[in-house]
There are 2 protein chains.
Amino acid sequence: MNIKQLSPDVSETQFKQQIFFALSDPGRYKIVQMLYDVGHEMGCGKLNQHVEIDKSTMSYHLRTLREAGITTTRTQGREKYVTLNVEKIESELPGLLENL
Amino acid sequence: MNIKQLSPDVSETQFKQQIFFALSDPGRYKIVQMLYDVGHEMGCGKLNQHVEIDKSTMSYHLRTLREAGITTTRTQGREKYVTLNVEKIESELPGLLENL
DNA sequence: TTTATAGTTTTATATATATCAAACTATTAT
DNA sequence: ATAATAGTTTGATATATATAAAACTATAAA
């Protein structure tokens, strides 16, 4: 018997709510969708080409996603690469990403 | 080949985003979870006993859910009964509700 | 070493959101 | 008829959010 099934951890619920919050914004929805569709990390610049928003707004949304644990960022030179934490998301909300 | 798979309708995406918005709030999350768990309609009063928030706040959240098409409300006498639109939600985001 | 580029942070602003008290509506009970 | 009950709506308020311009940081290129 899975105790998680009976009473989910508060932090798990919080993480889910953060995911929902992230996906409730059209810009962040597109970012997550794009990252999931390409299936691998993506440079901020490239992301910005596909999701058309001001670069400072983009930076704001990417920070929101990062701080929620939804994405991870890697720096190389003066560019940054963003990865969607697919496994982490899938472990809490299986099937969610493929239905965006 | 499913055209929806390739390019989801704007309104479908909007509905998903509304569901995500609804579930990003702890109060509404609990309401939806409760409605899903009981598996049938529930009186506002009973809901209010389980989800402890001010009745006017509850009314506000229930209106948010109703106007987003996430729930349906039925009036009987001076009481109101709320139903979760499970099928509608499942058709856009299958598996979501069971993972809350 | 100067300049260009990628991205962040700050600041300002407008709008959205959550909350609750108080007044209100409609229905049932006395 | 009057009072009680269930729920909504209206203010008022405090906080959160999204947006973008401008200043800033760090790295790469000239």
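To find a chain, count down the sequence lines: A is the first, B the second, and so on, and within it residues start at 1.
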>> Using a 4.0 Å cut-off on heavy atoms, which residues in residues 34-62 of chain B reach DNA chain D? List them by number, or say none.
In response: B:C44, B:G45, B:K55, B:S56, B:S59

> Going by heavy atoms closer than 4.0 Å, what residues in residues 22-33 of chain A are next to DNA chain C?
Replying inline: none

> Among residues 65-83 of chain B, which contact DNA chain D at a heavy-atom distance under 4.0 Å?
Replying inline: B:R66, B:R78, B:E79, B:K80

>> Going by salt bridge (charged side-chain N to carboxylate O under 4.0 Å, His left out), name the pairs with one or both residues in residues 26-40 of chain A, residues two or more places apart or in two chains.
In response: none

>> Check the orientation of B:F20 and A:F20. Use parallel for under 30°, tilted for 30 to 60°, and perpendicular for over 60°.
In response: parallel

> Is the shortest heavy-atom distance from the side chain of B:Q17 to the side chain of A:P26 under 4.5 Å?
Replying inline: yes

> If you group Ile, Leu, Val, Met, Phe, Trp and Tyr by side-chain heavy-atom gaps below 4.5 Å, do A:Y81 and A:L84 land in one group?
Replying inline: no

>> Quick one, B:L100 and B:Y36 - any side-chain contact, counting heavy atoms below 4.5 Å?
In response: no

> Per the side-chain contact (heavy atoms from CB on, under 4.5 Å) rule, which among B:V86, B:L35, B:I19 passes with B:L97?
Replying inline: B:V86

> Which is it for A:E92 and B:N99 under the side-chain contact (heavy atoms from CB on, under 4.5 Å) test, yes or no, and what are the steps along the way?
Replying inline: CA-CA 7 Å; A:E92 295 301 326; B:N99 288 308; over 6 Å; no

>> A:L47 vs A:L62, test: side-chain contact (heavy atoms from CB on, under 4.5 Å). Steps then yes/no.
In response: CA-CA 10 Å; A:L47 249 177; A:L62 287 177; 4.2 Å; yes

>> With heavy atoms of chain B within less than 4.0 Å as the criterion, where does contact along DNA chain D begin and end?
In response: D:dA4 to D:dT9

>> Is any side-chain heavy atom of B:H61 closer than 4.5 Å to one of B:I31?
In response: yes

>> I want to check a possible cation-pi pair here: A:K55 against A:Y60, using under 6.0 Å from ring centre and within 45° of the ring axis as the test.
In response: no

>> Quick check against the 3.5 Å criterion: does B:S24 have a side-chain atom that pairs as donor or acceptor with the backbone of B:F21?
In response: yes

Could you list the donor-acceptor pairs under 3.5 angstrom formed by side chains in residues 65-76 of chain A, with sequence neighbours left out?
residue : atom : partner : partner atom : Å
A:R66   : NE   : A:T73   : OG1          : 3.4
A:T71   : OG1  : A:R66   : N            : 3.3
A:T72   : OG1  : A:N85   : OD1          : 2.7
A:T72   : OG1  : A:N85   : ND2          : 3.3
A:R74   : NE   : A:E41   : OE1          : 3.1
A:R74   : NH2  : A:E41   : OE2          : 2.5

